[in-house]
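Residue numbering restarts at 1 for every chain, and letters A, B, ... go by the order of the sequence lines. Any value given below was found using the heavy atoms of this structure, including those in side chains, with hydrogens, waters and symmetry copies removed.
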Amino acid sequence: MNLPKTYQPDQYEPNIYGLWETSNSFRPSGVGEPYSIILPPPNANGNLHIGHGLTVALQDTLVRWQRMKGKDTLYLPGADHAGFETWVVYEKELQKQGKSRFDFSREQLYSKVWDFVDKQRGNMELQLRALGASLSWEHMVFTLDEKVVQTTYNTFKQLWDKGLIYRGEKMVNYCTTHQTGFADIEINHKNEKSKLWKIAYPSLDKVTEIIVATTRPETMLGDVAVAVHPDDERYKHLIGTTVQLPLADREIPVIADEYVDPNFGTGAVKITPAHDPNDFEIGERHNLPRIQVIGFDGKMTNVPSQFAGLEVLDARKRILAALEAADFRRGEETLENSIAHCYKCNTIIQPLVKDQWFLKTQPLAKRVIDIINSGEVKFYPESRTKALLYYLENLRDWNLSRQIAWGIPIPAFQNTADANDWVFDTRVDQKSIEIDGKVYRREEDTFDTWFSSGQWPFITTDFLDGGELSRFYPSNVMETGHDILYPWVSRMLMLGLEVTDKLPFKDVYLHGLVNDAHGKKMSKSKGNVINPMDMVSKYGSDAFRMGIMASRSAGQDQAFSEAKVIAGRNFCNKLWNTARFIESKLLDMYKSSEPTPISLADHWIIRELNNSIKSIDELLSQYRFAEAAEVVYHSLWDNLADWYIESSKAELNHDVLVWALDVTLRISHPFAPFVTETIWQTLPWYNEQLIIADWPTHVNFDEISASQFDRLKNFITEVRFVANELPGNEKYDLLYGNDSLISENLELVKHLVGFYIKSIDHTDQPRGLRIASEGREVWFDIDKNTLNDHQSNLEVRLSKEHFRAKSLRKRLENSSYIEKAPPQLVEESQKELREITERINKLQEELKVIDSSN
RNA sequence: GGGUGAUUAGCUCAUUUGGCUAGAGCGCCUCAUUGACGUUGAGGAGGUGAGAGGUUCGAAUCCUCUAUCGCCCACCA
């Protein structure tokens, strides 16, 4: 074996991934308890972003760990057609070509976007491979695959039959740039300073006037009433009368409605049912007509010619000017209110009345609320549960209709002779169909993408058909960013329960957003986006995974730290060189077997690795990834490399050395799959791949021997510390007295502190500086002058020890502490105090020697 | 307007039922070294845990208030 000095990831990663993939190692084994994670499908048309990097690191770590633990494991890949997201990109393409969506039919558009996406599809999949995701590729599902479409239709039908689907003219959030409606959740509210304009609406006899306050004067041309609070003394006498609507030649009634807050504005509200959700409701209550004055293109319509065709904000200016000119303005004030914007293009969302398909969400939400309250689904972090409950409790009906072609067509047809007669039918490729001699025209809208992706877990596992993968539903954990808790996780819970009567997953782990190095949100416009693939090619896939996982806790947004990726890279290299060293020590075709510990170090490393295995199991089962990764890191670096390998240079035990490498590779594999498998493939005695090897188990050792090694470690650290502190650059002899731990491990001690000392010898006449390590009879053979020079160091140490002893003594003298603290804690304190006292005595001894010599 | 998270070492962050001397990575300082690894080794410095008060034998952790920053939700014209 002749491995290069440093690990070069790019030389091995593609081959190793190829090896796994071609030998079907990602495929569920069919043996053992099922364990599944469904990858939140990345946009088929895009590249992976840093958040995907984190997602893959977390999910793949769990999957690999469980696979090694013998589970029948499925990590299920998918690709998202990402309806609106992709549509926006594609429309820009069309624009470049000087075309628009109105130049094509739905079918034409759909097939054009399909081709557009198809060209890009491979990228995201290659990137998932580069990240080492052990996905079962043969089970890949695209969100427009036939089975997704069919299940979506069936679900729609089922909900329709249950009376949960309805079509209705309702106020929808409409983006006039993208010309589509949105769900409530897809719009961004921003608090902005705006003006509250006051406008006089004169009575018919011009004797009096009522002043309304509005932030959107352009909608006044669609006013159909003025509303006041029924008990408002200022306006009571006007209720039932009629006023003149300025600029428009119309008369509108003054009505009373409880909704009006007499303390806001002027206490009189203009009512525009076509352009405001509250006004819409008031309009319904009072049977008012709806006059649409803003078109779906965002331009004024049904208004006097001077305003017709104007953009909304333009119209606002012109209307205010016209009101001013005609003396209808009665002042203005500024206020902060919240304005809805399109989350994509930032256009102000217009509330417009439109016929759309809605899903009654409350019955579905209710079930989810109950099941969350019953504790059947667990959230990490738990704090998100409360927010989700609040969201669900206040959820309004879900607008499923989108006016874009890139999506699953809504399978519904309308009777051309009876607008209220809608039928469910999946012949969506036909513009019209005939049923019982009646002609039905198809719905042109498509579904909100989240409606189908909300069914993802049971669709992808073919649960409803009882297919081969149905044993993997529900999945074990839904791991995703907290930013899609509402749009996705909540919908999967609702639809999963509704359709399958089961929770779609057992746990929900929500990771935080990965921000830039300074904790700021990454965005293209800020130019601070970090591409995960850049990190992978610079430092390797394993390094990236370990780096992005480090120091991260559930749900917490956090800065990306390249330094942690570097630490990950260093880890891989350390592992590489550990393996290089161990392999160099091996006899030909050495066969690994149960280790037979001989030396203290052997027992100790077995104990330490046993502990590491246990901790990793515990931490990962609680989704404490960063802590688990830290255990792996220190297990390799501190325990195996710094102590055990160093010790093995003095006392070589092939058995244990090989076993230690073996276990280290196994426990590191879920975190750093490539480098561990690469090394594994160089070990001559394994035929199987590490990815499907068994998770290591506990091995017997002798606790007393292990703790003897702990003492030796302490002693060695103490010697190194003191040697560093001693004045001058000279090396000194070390003398040991009646100390069996030292005498029996002399070669080991020599190797571990060899550099710091001249020699180590037995003595019957101790002299010099005593090592202040528990139980040791060892001295640095230094003369009085050197000891003298060292005095201040000793005094500093002594005072520190005294300080610590004092606080321990104080604690132990407190009777409440003795009574109430756990006995084990008290015992530890007592033990510690004894040790400190011993150190103090030794230090004082030294200082006494110094004193007496002066 | 309503929630919610954060504030810990120079930087980025851990610390899960309150309990070892509050940890890690990177950075910093000293020293070392040609064969496992400089993507190294040994040692070290660095924190009154935002501020104030409270509960407790014991608080970064629980409670109250204050300050600053962030995020989410939200149909008050």
Colleague: Using the P atom on both, measure B/C20 against B/G58 and round to a whole Å.
Modeller: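 Each nucleotide's P atom is 15 Å from the other's.
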Colleague: Give A/Ser815 one of three labels, base, sugar-phosphate or nothing, depending on what nucleic acid heavy atoms sit under 4.0 Å from its own.
Modeller: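 No contact.
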Colleague: Return whichever of A/Lys5 or A/Lys520 has its heavy-atom-nearest nucleotide of RNA chain B closer to the 5' end.
Modeller: A/Lys5
Colleague: Is A/Asn278 touching bases, backbone alone, or none of the nucleic acid, heavy atoms closer than 4.0 Å?
Modeller: base
Colleague: Does the structure place the NZ or CZ of A/Lys170 under 6.0 Å from the centre of the six-membered ring of A/Phe280, at an angle of no more than 45° from the ring's axis?
Modeller: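 Geometry flag: not set, cation outside 6.0 Å or 45°.
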Colleague: So which nucleotide from B/G43, B/C57, B/A77 ends up closest to the side chain of A/Asn814?
Modeller: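 For A/Asn814, the side-chain atoms sit closest to B/C57.
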Colleague: Whom does B/A14 pair with, Watson-Crick or G-U wobble, provided both distances fall under 3.5 Å?
Modeller: none
Colleague: I'd like the C1' distance from B/G47 over to B/G23, given in whole Å.
Modeller: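 Result for the C1' pair: 11 Å, nearest Å.
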Colleague: Just name whichever nucleotide pairs with B/C57, Watson-Crick or G-U, keeping both distances under 3.5 Å, else none.
Modeller: B/G19
Colleague: Rounding to an integer number of angstrom, what distance separates B/C63 and B/A59 when you compare their C1' atoms?
Modeller: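 One C1' to the other, the span is 11 Å.
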Colleague: Rounded to whole Å, please give me the gap between CD1 in A/Ile716 and P in B/G43.
Modeller: 11 Å
Colleague: Partner of B/C71 by Watson-Crick or G-U wobble geometry, both contacts under 3.5 Å, or none?
Modeller: B/G3
Colleague: What's the gap between B/A42 and B/G25 when it is taken at their P atoms, as a whole Å value?
Modeller: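 About 12 Å, rounded to a whole number of Å.
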Colleague: Rounding to the closest angstrom, what is the interatomic distance between B/A14 and B/U7 at atom P?
Modeller: 7 Å
Colleague: Have a look at A/Lys521 and say if it touches a base, only the backbone sugar-phosphate, or nothing, with a 4.0 Å heavy-atom cut-off.
Modeller: sugar-phosphate
Colleague: Within the structure shown, what part of the strands sits under 4.0 Å from A/Arg384 by heavy-atom distance: base, sugar-phosphate, or nothing?
Modeller: nothing
Colleague: If you measure from the C1' atom in B/G3 to the same atom in B/A74, how many Å do you get, rounded?
Modeller: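 Taking atom C1' in both B/G3 and B/A74, they lie 10 Å apart.
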Colleague: When all nucleic acid strands are considered with a 4.0 Å heavy-atom cut-off, which category describes A/Ala821: base, sugar-phosphate, or nothing?
Modeller: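 It contacts base atoms.
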Colleague: Rounding to a whole Å, what distance do you find between A/Ile271:CD1 and B/A77:P?
Modeller: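 It is 13 Å, rounded to the nearest whole Å.
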Colleague: Which base, if any, makes a Watson-Crick or G-U wobble pair with B/U39, both distances under 3.5 Å?
Modeller: none
Colleague: Give one of base, sugar-phosphate or nothing for A/Tyr391, where a contact means two heavy atoms less than 4.0 Å apart.
Modeller: nothing
Colleague: Under 4.0 Å, counting only non-hydrogen atoms across every strand here, what does A/Phe755 touch: a base, just sugar-phosphate, or nothing?
Modeller: sugar-phosphate
Colleague: Take atom NZ in A/Lys713; do more than 12 heavy atoms of anything else shown fall under 6.0 Å from it?
Modeller: yes
Colleague: Is any NZ, NE, NH1 or NH2 atom of the basic residue among A/Arg624 and A/Glu618 found under 4.0 Å from an Asp or Glu carboxylate oxygen of the other?
Modeller: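 A salt bridge is absent here (no side-chain N lies under 4.0 Å from a carboxylate O).
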Colleague: Could you tell me whether the side chain of A/Lys649 has a donor or acceptor atom within less than 3.5 Å of a complementary atom in the base of B/A36?
Modeller: yes
Colleague: Under 4.0 Å between any heavy atoms, over every strand shown, what does A/Trp197 touch: base, sugar-phosphate, or nothing? Just pick one.
Modeller: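 No contact.
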Colleague: Taking any heavy-atom pair under 4.0 Å as a contact, classify A/Ala559: base, sugar-phosphate, or nothing.
Modeller: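 Sugar-phosphate, no base atom in range.
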Colleague: Identify the nucleotide, in any strand shown, that forms a Watson-Crick or G-U wobble pair with B/C65, with both distances under 3.5 Å; if there is none, say none.
Modeller: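 Across all strands, the one nucleotide that pairs with B/C65 is B/G51.
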Colleague: Under 4.0 Å, heavy atoms only, any strand: does A/Gln556 hit a base, just the sugar-phosphate, or nothing?
Modeller: sugar-phosphate
Colleague: Report the distance from atom CG of A/Asp257 to atom P of B/C76, rounded to the nearest whole Å.
Modeller: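 One finds 15 Å between P of B/C76 and CG of A/Asp257, rounded.
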Colleague: Using the benzene-type ring in the case of Trp, are the ring centres of A/Trp576 and A/Tyr12 under 6.0 Å apart?
Modeller: yes
Colleague: Answer yes if the ring centres of A/Tyr7 and A/Phe674 are under 6.0 angstrom apart, and no otherwise.
Modeller: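 So the answer is no for these two rings.
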Colleague: Quick check on A/Lys193: does its NZ atom have over 12 non-hydrogen neighbours (other residues, nucleotides or ligands) under 6.0 Å away?
Modeller: no
Colleague: Of A/Tyr633 and A/Ala641, whose nearest nucleotide on RNA chain B comes first from the 5' end?
Modeller: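 Residue closer to the 5' terminus by nearest nucleotide: A/Tyr633.
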Colleague: Using a cut-off of 4.0 Å on non-hydrogen atoms, how would the nucleic acid contact of A/Glu832 be classed: base, sugar-phosphate, or nothing?
Modeller: base
Colleague: Taking any heavy-atom pair under 4.0 Å as a contact, classify A/Ser584: base, sugar-phosphate, or nothing.
Modeller: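 No contact at all - A/Ser584 keeps every heavy atom at 4.0 Å or more from the nucleic acid.
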Colleague: B/G27 and B/C73: how far apart are their C1' atoms, nearest whole angstrom?
Modeller: 40 Å
Colleague: So, for A/Phe671 and A/Phe571, is the gap between ring centers shorter than 6.0 Å?
Modeller: no
Colleague: Could you state the NZ-P distance from A/Lys564 to B/C13, rounded to the nearest angstrom?
Modeller: 8 Å
Colleague: Using a cut-off of 4.0 Å on non-hydrogen atoms, how would the nucleic acid contact of A/Phe721 be classed: base, sugar-phosphate, or nothing?
Modeller: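 A/Phe721: backbone/sugar contact only, no base atoms under 4.0 Å.
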Colleague: Quote, to the nearest angstrom, the C1' distance that separates B/A9 from B/C29.
Modeller: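 Nearest-Å result for B/A9 against B/C29 at atom C1': 15 Å.
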Colleague: Rounding to an integer number of Å, can you tell me how far A/Glu393 CD sits from B/C73 C1'?
Modeller: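 Rounded to the whole Å, the gap is 13 Å.
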Colleague: Distance check needed: B/G43 C1' versus A/Asp642 CG, whole Å only.
Modeller: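 Checked: the CG to C1' distance equals 13 Å.
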Colleague: Taking OH from A/Tyr343 and C1' from B/A74, how many angstroms apart are they, rounded to a whole number?
Modeller: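 Rounded to the whole Å, the gap is 19 Å.
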Colleague: From the options B/U56, B/A77, B/U4, select the nucleotide whose nearest atom is closest to the side chain of A/Lys820.
Modeller: B/U56
Colleague: Counting only distance, no hydrogens or angles, is the base of B/A14 paired donor-acceptor with the side chain of A/Gln558 under 3.5 Å?
Modeller: no
